[in-house]
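What you see is a predicted model; the values in this text were computed from it and never measured. Numbered from 1 within each chain, the chains take letters A, B, ... in sequence-line order.
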Number of protein chains: 2
Amino acid sequence: MNTPSFRNWQSVQDEVLRRIHAREWAPGDLIPNEADLAIEFGCARSTVNRALRSLAESGLLDRKRKVGTRVAAQPVAKATLDIAVIRHEVEEHGAKYGYQLIARDIAIPPLSVSGAMKTKADDKLLHVRALHLADDEAYAIEDRWINIRVVPDAEAEMFQSVSANEWLMKHAPYTHGEIAFSAAQASTGDAEIMGVAENSALFAIDRLTWDSAASVTKVRLLFTPGYQLRTGL
Amino acid sequence: MNTPSFRNWQSVQDEVLRRIHAREWAPGDLIPNEADLAIEFGCARSTVNRALRSLAESGLLDRKRKVGTRVAAQPVAKATLDIAVIRHEVEEHGAKYGYQLIARDIAIPPLSVSGAMKTKADDKLLHVRALHLADDEAYAIEDRWINIRVVPDAEAEMFQSVSANEWLMKHAPYTHGEIAFSAAQASTGDAEIMGVAENSALFAIDRLTWDSAASVTKVRLLFTPGYQLRTGL
DNA sequence: AATGTTTTTATGTGCGTACATAATAACATG
DNA sequence: CATGTTATTATGTACGCACATAAAAACATT
């Protein structure tokens with residue numbers, strides 16, 4: 001067997017993928033070590049390392065020091081979702097973006113919110129509710145609480161024409177966050193705003209972002225029926 | 001200012017993150033080039049490269065040859081979801097996993113399925129419907145079509161005790177796939193099987209996987225109300 | 001047999017150099 | 001002036017070496 005010499009990490013990766021896929025290396029199998037592969041492929045070990053590391057990151061390989069590299073038995077499919085600003089999402093679909101502020105006030109949030117955001121139960125937060133439109137039709141309802149202790153500038157912003165969704169992206173950095181996807185039934189009020197049947201199944205995204213130890217904002221986005229969040233595998 | 005010498009790529013990354021977060025490098029800003037940063041940090045350029053490349057992969061930096069590296073203006077939040085085998089998902093919640101086959105037959109699928117799977121309209125596919133349980137309660141309904149031309153072994157498998165979800169992971173490799181998340185209303189039949197109210201809002205995952213140019217399987221998973229798919233940011 | 005210690009081994013990472021490549025800027029040419 | 005050509009520059013990556021580190025295996029000790 002001649003070795004056609006794999007000079008770059010991508011081609012090494014492709015060859016590894018081919019072998020996994022052709023079942024030359026079956027799920028659970030231990031594959032040769034980096035040094036041996038480097039010799040076989042006619043490249044440096046670091047090149048093999050780059051290829052395998054990247055495959056491990058995407059969940060296709062399991063690597064352990066001293067033990068070796070094995071093909072993942074249960075290739076946990078890792079789907080990476082790009083959560084963009086809603087305006088961009090709409091415009092990328094080729095639709096005209098629209099925005100309407102529904103309500104804006106500073107109030108003491110329900111305990112579920114102050115609890116999740118770890119603010120004091122009697123701390124006032126900025127509460128913004130808005131509607132995002134695509135081609136003049138309801139696209140998503142945004143219900144957001146903003147920690148004005150962390151983002152004091154938000155108090156001066158009326159969110160009449162710029163959505164909190166977009167404003168915060170620019171003005172409030174965050175260190176980490178949590179995101180959850182679920183399905184929810186449209187409440188009477190939401191159904192009316194969106195112009196859909198009551199109890200429609202809505203796609204919901206709940207996001208909570210943090211700046212170090214302090215919560216920045218908590219938002220729930222409810223999308224009109226038919227909305228799909230898609231990605232490749 | 002003394003430079004405390006950043007010896008490994010992680011600490012370089014942390015320092016870069018700190019500067020971005022502290023707005024020393026604001027969104028949209030061009031940051032110093034790798035060579036300069038390497039000098040400043042007292043490490044090799046390759047170490048800086050590793051740190052910046054990784055940040056670019058996670059969407060926080062935009063890099064272009066010759067142009068340089070800039071802090072992403074709209075840090076597109078990339079959420080990576082781990083889509084595991086349902087049994088594992090259930091067991092990780094500390095619940096007892098259960099499985100029930102609802103139906104299994106070989107039939108001509110509706111056009112929506114043969115169209116998406118790019119099989120001939122009169123090609124027969126293996127159709128499996130099953131219920132996944134957690135602590136003896138309905139967890140998710142699986143409705144799956146399998147391309148028996150691509151996975152002939154599936155024809156001999158009855159899926160009485162092993163779910164197609166799990167069996168395919170082991171026996172049918174795929175090269176790529178698409179996944180979509182949405183919300184759906186429970187049909188009368190599904191509601192009855194799951195023991196939930198009709199028209200409940202269910203979380204739906206649709207997945208279509210390919211082996212090169214041939215479709216392997218198309219599946220829709222409907223989760224009982226309350227289900228959440230979560231991850232960090 | 002149970003426990004602690006040392007060796008071995010495969011991955012993880014750092015370094016410095018070299019060259020490849022994309023995109024821009026500077027320059028030349030009709 | 002418009003257009004084509006050539007430098008310049010920052011990232012991208014390959015290479016070979018060195019050493020760090022985790023984990024298992026081999027060995028020694030009680």
Student: Between atom CZ in B/Phe41 and atom C1' in C/dC15, what is the gap in whole Å?
Tutor: 17 Å
Student: Describe, in one word, how the ring planes of A/Phe181 and B/Phe181 are oriented to each other, choosing from parallel (under 30°), tilted (30 to 60°) and perpendicular (over 60°).
Tutor: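 The arrangement is parallel - the two ring planes meet at less than 30°.
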Student: Tell me which one of B/Tyr99, B/Tyr139, B/Phe223 satisfies ring pair (Phe, Tyr, Trp, His ring centres under 6.0 Å) with B/His132.
Tutor: B/Tyr99
Student: Rounded to the nearest angstrom, tell me the gap between atom CD1 in A/Ile31 and atom C1' in C/dT11.
Tutor: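 Nearest whole value for this atom pair: 12 Å.
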Student: Rounded to the nearest 0.5 Å, how far apart are CG of B/Leu52 and CD of B/Glu34?
Tutor: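 Atom-to-atom, B/Leu52:CG and B/Glu34:CD are 5.5 Å apart.
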Student: Check the distance between C/dT13's C1' and B/Arg53's CZ and give it to me in whole angstrom.
Tutor: 12 Å
Student: Starting at atom CG of B/Asp62, determine the distance to atom C1' of C/dA23, rounded to an integer number of angstrom.
Tutor: 15 Å
Student: Round to a whole Å and report the spacing from CG of B/Leu30 to C1' of C/dA23.
Tutor: 13 Å
Student: Regarding B/Glu40 and B/Arg19, does a basic nitrogen lie under 4.0 Å from an acidic carboxylate oxygen?
Tutor: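 A salt bridge links B/Glu40 with B/Arg19.
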Student: Atom CG of A/Leu37 to atom P of C/dA10: distance rounded to whole Å?
Tutor: 12 Å
Student: Return the set of residues passing side chain to side chain donor-acceptor pair (under 3.5 Å) with B/Arg207 (not counting sequence neighbours), or none when no residue passes.
Tutor: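 With sequence neighbours excluded, B/Arg207 shows a side chain to side chain donor-acceptor pair (under 3.5 Å) to no residue whatsoever.
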Student: Is there a donor-acceptor contact under 3.5 Å linking the side chains of B/Ser11 and B/Asn8?
Tutor: yes
Student: With heavy atoms of chain B within less than 4.0 Å as the criterion, where does contact along DNA chain D begin and end?
Tutor: D/dT8 to D/dT13
Student: Taking everything shown except A/Glu155 itself, do over 12 heavy atoms lie less than 6.0 Å from its CD?
Tutor: no
Student: Please list, for nucleotides 16-19 of chain C, all pairs of protein and nucleotide N/O atoms separated by less than 3.5 Å.
Tutor:
unit_1 : atom_1 : unit_2  : atom_2 : d
C/dA18 : N6     : B/Arg45 : NH2    : 3.4

Student: Give the B/S/- string for nucleotides 3-9 of chain C, one per nucleotide from 5' to 3', where a protein heavy atom under 4.0 Å of the base yields B, of only the sugar-phosphate yields S, and otherwise -.
Tutor: -----BB
Student: Could you give all pairs that pass the salt bridge (charged side-chain N to carboxylate O under 4.0 Å, His left out) test and reach residues 48-59 of chain A, with sequence neighbours left out?
Tutor: none
Student: Figure out the CG/P separation between A/Asn49 and C/dG14, and round it to whole Å.
Tutor: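 It works out to 11 Å between those atoms.
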Student: State plainly whether the residues B/Asp29 and B/Arg70 are in salt-bridge range, i.e. N to O under 4.0 Å.
Tutor: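 Between B/Arg70 and B/Asp29 there is no salt bridge, as every charged N stays at least 4.0 Å from the carboxylate O atoms.
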Student: With sequence neighbours left out, write down each residue that passes salt bridge (charged side-chain N to carboxylate O under 4.0 Å, His left out) with B/Asp153, or none if nothing qualifies.
Tutor: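 Partners of B/Asp153 under the salt bridge (charged side-chain N to carboxylate O under 4.0 Å, His left out) test: none.
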Student: Can you tell me how the ring of A/Tyr227 sits relative to the ring of A/Phe203, calling it parallel under 30°, perpendicular over 60° and tilted otherwise?
Tutor: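 Ring orientation, 0 to 90° scale: tilted.
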